[in-house]
Amino acid sequence: MESEYYYNVDTAKKIIGCDKHYHSVFEIYYLEKGNCTYFIDDKCYDVKEGDIVLIPEGVIHNTVYPDEKHQRKLIQCSKKYIPASAYEKVVSLGYIYRNPLVLIEVNRIFGRIENEYEDPDDFSKDMLAYLTGELVFLLVRNSENRQNITTGSIYVEKALGYVRENFTTDIKLYEVAEVCHMSEEHLSRKFKKETGLGFNEFVNMLRLQKAEYMLKNDKNLSVAEVAFACGFNDSNYFSKKFHCEYGYTPSSVRTVKK
């Protein structure tokens, strides 16, 4: 069950199970106490107490906490735990869901999920699916009462968009800084502060995500060809970074056709 459904309550800055910053499961994050900056895709959001963050599979994300006075609850589950009739609707809600009117029910459902996950029996897998579905339906049915969410710096947002469009090239910080009309040092500091990621770390993450997809789906390409197509100038360096990120080599993803 744990491979399909993961639940955690945490007050530490590091989120357990999210080292890759993106994954192949659906994530429901509930900030019970405190506040944080949540970097998702190409934007940074100011997340406050009571907010719920909804992250579909494959979306890059990261959290930055201003201090340790926070508590969050986290669900990571395979898509089958999300009701098929509500999946597209919950995705269409956007990443950040703020609605104080549903918090009593949200807390009740999370409490029941925690009990089922920590003290499982023969029925807990079905109960987790039922309770997760109940949570999703609650959010969808009350979506008209959502509040607006503020985002971070327009300069960082512009930098993120530029990087996403050009990460397969030999992109450098100085050229992104020029696009944003600011110094490299200033952009580097703001980028790290808002996303929680260094510039090169973010670029490599995008490249590795694209490479993982290509290795699985473009099987006529060699590992070296995938590396170069994703912006890596050295296939050995690419293999080293890939292994460090995923725990296995690029060639082990599939058999390369000669």
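Position 1 is the first residue of the sequence, and the numbers go up from there. Since the structure is predicted, the reported quantities are computational estimates derived from the model, not experimental observations.
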Relative to the ring of Y65, is the ring of H70 parallel (under 30°), tilted (30 to 60°) or perpendicular (over 60°)? parallel

Does the pair E245/K241 count as a salt bridge with the N-to-O cut at 4.0 Å? no

Nearest 0.5 Å, please: how far is CD in E194 from CG in D46? 8.0 Å

Which of N204, V64, N62 passes side-chain contact (heavy atoms from CB on, under 4.5 Å) with L197? Answer is N62

Determine, stepwise, if the pair H181 / H186 fulfils ring-ring contact (aromatic ring centres under 6.0 Å, His included). CA-CA 10 Å; H181 304 291; H186 190 198; over 10 Å; no

I'd like to know if the side chain of R112 and the backbone of L128 have a donor-acceptor N/O pair within less than 3.5 Å. no

If the plane angle is over 60° it's perpendicular, under 30° parallel, otherwise tilted; pick one for F202 and F39. perpendicular

One thing to verify: whether K33 and E49 come together as a salt bridge, which I'm taking to mean a side-chain N less than 4.0 angstrom from a carboxylate O. no

Please walk me through it: do N8 and R72 pass side chain to side chain donor-acceptor pair (under 3.5 Å)? CA-CA 8 Å; N8 180 258; R72 66 101 177 99; 3.0 Å; yes

Let me confirm one number: the OG1-OH distance from T37 to Y45, rounded to the nearest 0.5 Å. 12.5 Å

Regarding E175 and K172, does a basic nitrogen lie under 4.0 Å from an acidic carboxylate oxygen? no

Could you tell me whether K79 sits above the aromatic face of Y87, with NZ or CZ closer than 6.0 angstrom to the six-membered ring centre and within 45 degrees of the axis? yes

Over 60° means perpendicular and under 30° means parallel, so classify the ring planes of Y237 and F232, tilted if in between. tilted

Reported OH-to-CD1 distance for the pair Y22 and I60, which is rounded to 0.5 angstrom: 6.5 Å

Rounded to the nearest 0.5 Å, the CG atom of D10 sits from the CD atom of Q71 at a distance of 8.5 Å

OG1 (T151) and CG (N148) are apart, to the nearest 0.5 Å, by 11.0 Å

Is a salt bridge present between K125 and E116, judged by a nitrogen-to-oxygen distance below 4.0 Å? no

Between Y30 and N107, does a side chain to side chain contact (heavy atoms under 4.5 Å, CB included) hold up when you go through it step by step? CA-CA 9 Å; Y30 173 41; N107 285 313; 2.8 Å; yes

Begin with the C-alpha distance, continue with both residues' side-chain angles, and end with the deciding distance and a verdict on side chain to side chain donor-acceptor pair (under 3.5 Å) for S239 and N236. CA-CA 5 Å; S239 295; N236 291 326; 5.5 Å; no

Please tell me if the side chains of Q76 and Y7 come closer than 4.5 Å, counting only heavy atoms from C-beta onward. no

Closer than 4.0 angstrom, basic N to acidic O: yes or no for R164 and D41? yes

How about F137: does its CZ atom have over 12 heavy atoms from other parts shown lying under 6.0 Å from it? yes

